[in-house]
Amino acid sequence: MKQAILNALHKVAIGLAPAVLTVAWAAPAHAQPQEAATADPEIPFTQADRMMIAAQINHVVKRYFAHWEGLPPDYDWDARFADYLKEALAAPDRRSFSLATMRLIASLENGHSSFSDEVLEDEPTLPFHARPIEGKWMVTSSFIAEVSPGDAITTVDGVPIDRWLEPSRAIVAQSDARGKDRLVLLQGRAMWPQTVRLGLASGKTVTIDRAAPRGERRPARKPFEVETTVRPDGVVVIRIPSFDDIKFEATAIAAVKAHAGAPLILFDVRGNGGGTTPETLLRVIMDRPYAGTIVNTPMTIAEQDAHASFSSAAPIRQMIRYGPDRTQPAADAIKGPMAVLMDGGCGSACEDFVIRFQSGKRGPLMGEPTFGSTGQPYFVQWPEWKMSFRISTKREFLPDGRPFEGVGVAPDIAVPQRVSDLTASGDPQLDRAIVAWRAAKP
């Protein structure tokens with residue numbers, strides 16, 4: 001069967017005339033019948049297009065994916081790809097094709113490898129967000145009156161929420177279950193119907209319509225800028241929402257220099273999804289040598305692959321391993337007590353930051369384990385269909401060789417978010433972190 005599929009791909013490459021399939025949409029498996037959404041219906045999406053996309057995915061994954069050792073020992077990409085190709089070519093519409101492709105890439109269990117279809121992403125998001133806190137699915141923000149922060153969701157359409165979410169989890173490309181559950185309501189929204197019934201722990205049942213008008217977000221979203229707060233006790237909190245723009249790093253550096261000598265400078269990187277490793281900020285604040293990560297990345301040698309092609313044995317994947325790099329502190333680095341408050345939303349370049357902060361013993365990491373994913377993705381784009389995918393090209397380890405992918409960076413002082421924080425005024429988690437820092441001071 002695998003050879004037949006490969007032969008089919010070859011025929012497409014040499015010019016097999018395909019049948020044209022019009023872009024169409026089918027309702028998700030959970031969905032109630034509703035009017036189908038369409039986008040760019042005039043763009044043809046042929047069997048040849050599907051095969052070309054599939055062939056590129058297969059090539060890039062086998063050549064560049066860096067995380068094979070993180071998968072179960074019995075994981076078989078070739079078998080999964082063969083099954084996927086049958087499903088993808090038989091898919092009745094674009095939605096079904098894209099969902100099948102998302103499931104395939106999600107099977108690689110890597111937070112920096114994913115397939116994207118902008119048409120699916122243009123669908124309305126859910127009018128609330130929720131994630132597990134203290135073992136319950138808690139609403140953390142809401143745009144509608146029907147549910148509020150602090151509500152616990154127990155069922156969706158009468159089904160326990162953990163079981164109802166399984167089809168959504170299957171299309172979310174993340175490195176572990178914790179990461180999936182943090183993002184499943186956002187990245188898995190293509191599996192949600194337009195209207196659902198939520199059962200709350202309070203006993204209340206509410207109906208949610210994704211297309212209904214929305215109000216203001218509760219709680220109000222913080223400005224997407226670096227914020228510096230000087231607390232009454234003199235502690236300076238520098239909230240850095242992202243490292244995806246140089247301005248965030250530059251503003252944080254200016255804030256550190258302006259408040260040198262404070263009793264504590266606390267970097268709040270909760271929810272910081274990364275961007276570019278803030279090397280300049282690190283050089284400003286690190287007062288002793290610090291180490292980066294150990295990196296594995298695939299190495300391809302054509303002649304060696306040619307020899308291996310004559311063998312029926314499993315392919316040998318060669319990896320280049322380098323690091324950890326070690327950086328000396330700058331002579332004019334800012335002195336004084338510093339700490340970090342982080343959570344599961346701190347990912348990628350944010351994790352690069354906290355790993356180096358920790359390795360240089362600059363101060364305690366407080367809060368919750370980080371997201372546990374990085375990887376310098378290799379991107380492939382198909383702009384004519386508004387589709388793309390990315391594959392992680394490097395697998396990183398902590399400086400001492402311990403796993404990082406799918407695990408995250410553990411805090412030195414655990415300060416988890418609590419259910420009660422969702423309805424409290426102020427920022428109780430931040431308050432507890434500062435209390436814990438004082439208690440841990442030598």
Which pairs count as side-chain hydrogen bond (donor to acceptor under 3.5 Å, both in side chains) when at least one residue sits in residues 321-342, sequence neighbours excluded?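 Counting only pairs at least two positions apart or across chains, the side-chain hydrogen bond (donor to acceptor under 3.5 Å, both in side chains) contacts touching residues 321-342 are Asn296-Arg321.
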Quick one: do Leu108 and Ile391 satisfy side-chain contact (heavy atoms from CB on, under 4.5 Å)? Show the steps, please. CA-CA 10 Å; Leu108 293 170; Ile391 287 297; 4.0 Å; yes
Partners of Phe97 by ring pair (Phe, Tyr, Trp, His ring centres under 6.0 Å), sequence neighbours excluded?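 Once residues adjacent in sequence are excluded, the partners of Phe97 under the ring pair (Phe, Tyr, Trp, His ring centres under 6.0 Å) criterion are Phe45.
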Side-chain donor/acceptor of [X] to backbone N/O of [Y], under 3.5 Å:
| X | Y | value |
| --- | --- | --- |
| Thr229 | Arg231 | no |
| Arg432 | Gln417 | no |
| Ser96 | Ala91 | no |
| Ser373 | Ser175 | no |
| Asp49 | Thr46 | yes |
| Arg395 | Ile294 | no |
| Glu249 | Thr280 | yes |
| Arg218 | Pro149 | no |
| Asn58 | Ala55 | no |
| Arg356 | Glu351 | no |

Could you verify whether a donor N or O on one side chain and an acceptor N or O on the other, from [X] and [Y], lie under 3.5 Å apart?
| X | Y | value |
| --- | --- | --- |
| Ser107 | Tyr75 | yes |
| Arg50 | Thr101 | no |
| Trp382 | Gln56 | yes |

Using the side-chain contact (heavy atoms from CB on, under 4.5 Å) rule, pick out the option among [options] that qualifies with [X].
| X | options | answer |
| --- | --- | --- |
| Leu198 | Asp151, Thr154, Val156 | Val156 |
| Pro298 | Met319, Gln318, His67, Arg63 | Met319 |
| Lys394 | Val295, Ile320, Thr293 | Val295 |

Closer than 4.0 angstrom, basic N to acidic O: yes or no for [X] and [Y]?
| X | Y | value |
| --- | --- | --- |
| Arg95 | Asp93 | no |
| Glu121 | Arg189 | no |
| Arg94 | Asp117 | yes |
| Asp233 | Arg438 | yes |

If you count the non-hydrogen atoms of other residues, nucleotides and ligands that lie under 6.0 Å from CZ in Arg80, is the total more than 12? yes
Please check if atom CZ in Arg402 has more than 12 non-hydrogen atoms from other residues, nucleotides or ligands closer than 6.0 Å. no
Take Ile285 and Phe353 through the side-chain contact (heavy atoms from CB on, under 4.5 Å) test and state the conclusion after the steps. CA-CA 11 Å; Ile285 66 174; Phe353 172 69; 3.9 Å; yes
Roughly how far, to the nearest 0.5 Å, is [atom2] of [Y] from [atom1] of [X]?
| X | Y | atom1 | atom2 | value |
| --- | --- | --- | --- | --- |
| Leu264 | Lys441 | CG | NZ | 8.5 Å |
| Asp83 | Asp78 | CG | CG | 11.0 Å |
| Asp176 | Glu405 | CG | CD | 10.5 Å |
| Leu281 | Phe357 | CG | CZ | 9.5 Å |

Of all the heavy-atom pairs spanning [X] and [Y], show the shortest one and how long it is.
| X | Y | result |
| --- | --- | --- |
| Ala291 | Pro324 | CB-CB, 4.2 Å |
| Met286 | Pro329 | O-CB, 3.4 Å |
| Pro219 | Arg217 | O-NH1, 2.6 Å |
| Glu134 | Val419 | OE1-CG2, 3.3 Å |
| Arg390 | Gly111 | NH2-O, 3.0 Å |
| Thr393 | Thr297 | O-OG1, 2.6 Å |

ring-ring contact (aromatic ring centres under 6.0 Å, His included) contacts touching residues 401-442 (sequence neighbours left out): none
Begin from the C-alpha positions of Val235 and Val230 and carry the test side-chain contact (heavy atoms from CB on, under 4.5 Å) through to its verdict. CA-CA 6 Å; Val235 171; Val230 181; over 6 Å; no
pair Pro369-Pro411: side-chain heavy atoms closer than 4.5 Å: yes
With a cut-off of 3.5 Å and sequence neighbours excluded, list every side-chain donor-acceptor pair involving residues 136-143.
residue : atom : partner : partner atom : Å
Trp137  : NE1  : Asp162  : OD1          : 3.2
Thr140  : OG1  : His129  : O            : 3.4
Ser142  : OG   : Ile144  : N            : 3.2
Ser142  : OG   : Ile144  : O            : 2.9
Ser142  : OG   : Val147  : O            : 2.8

Please collect all disulfide (SG to SG under 2.5 Å) contacts where either partner lies in residues 329-418, sequence neighbours excluded, each pair once. Cys346-Cys350
Determine whether the aromatic ring centres of Trp77 and Phe65 lie less than 6.0 Å apart. no
Determine whether Asp181 and Arg169 satisfy the following criterion, salt bridge (Lys or Arg N to Asp or Glu O under 4.0 Å), listing intermediate values before the conclusion. CA-CA 8 Å; Asp181 281 350; Arg169 288 190 181 102; 2.7 Å; yes
Only one of Asp427, Thr370, Asp343 forms a side chain to side chain donor-acceptor pair (under 3.5 Å) with Arg270, so which one is it? Asp427
By side-chain hydrogen bond (donor to acceptor under 3.5 Å, both in side chains), which residues pair with Glu227, not counting sequence neighbours? Arg239
Would you sort out whether Asp287 and Lys361 count as a salt bridge (Lys or Arg N to Asp or Glu O under 4.0 Å), showing the intermediate values? CA-CA 9 Å; Asp287 59 0; Lys361 303 184 186 304; over 6 Å; no
Do Met342 and Phe267 pass the side-chain contact (heavy atoms from CB on, under 4.5 Å) test, and can you show the C-alpha distance, the side-chain angles, and the key distance before you say yes or no? CA-CA 8 Å; Met342 60 191 193; Phe267 297 99; over 6 Å; no
Check step by step if ring-ring contact (aromatic ring centres under 6.0 Å, His included) holds for Phe224 and Phe248. CA-CA 10 Å; Phe224 200 67; Phe248 296 126; 5.5 Å; yes
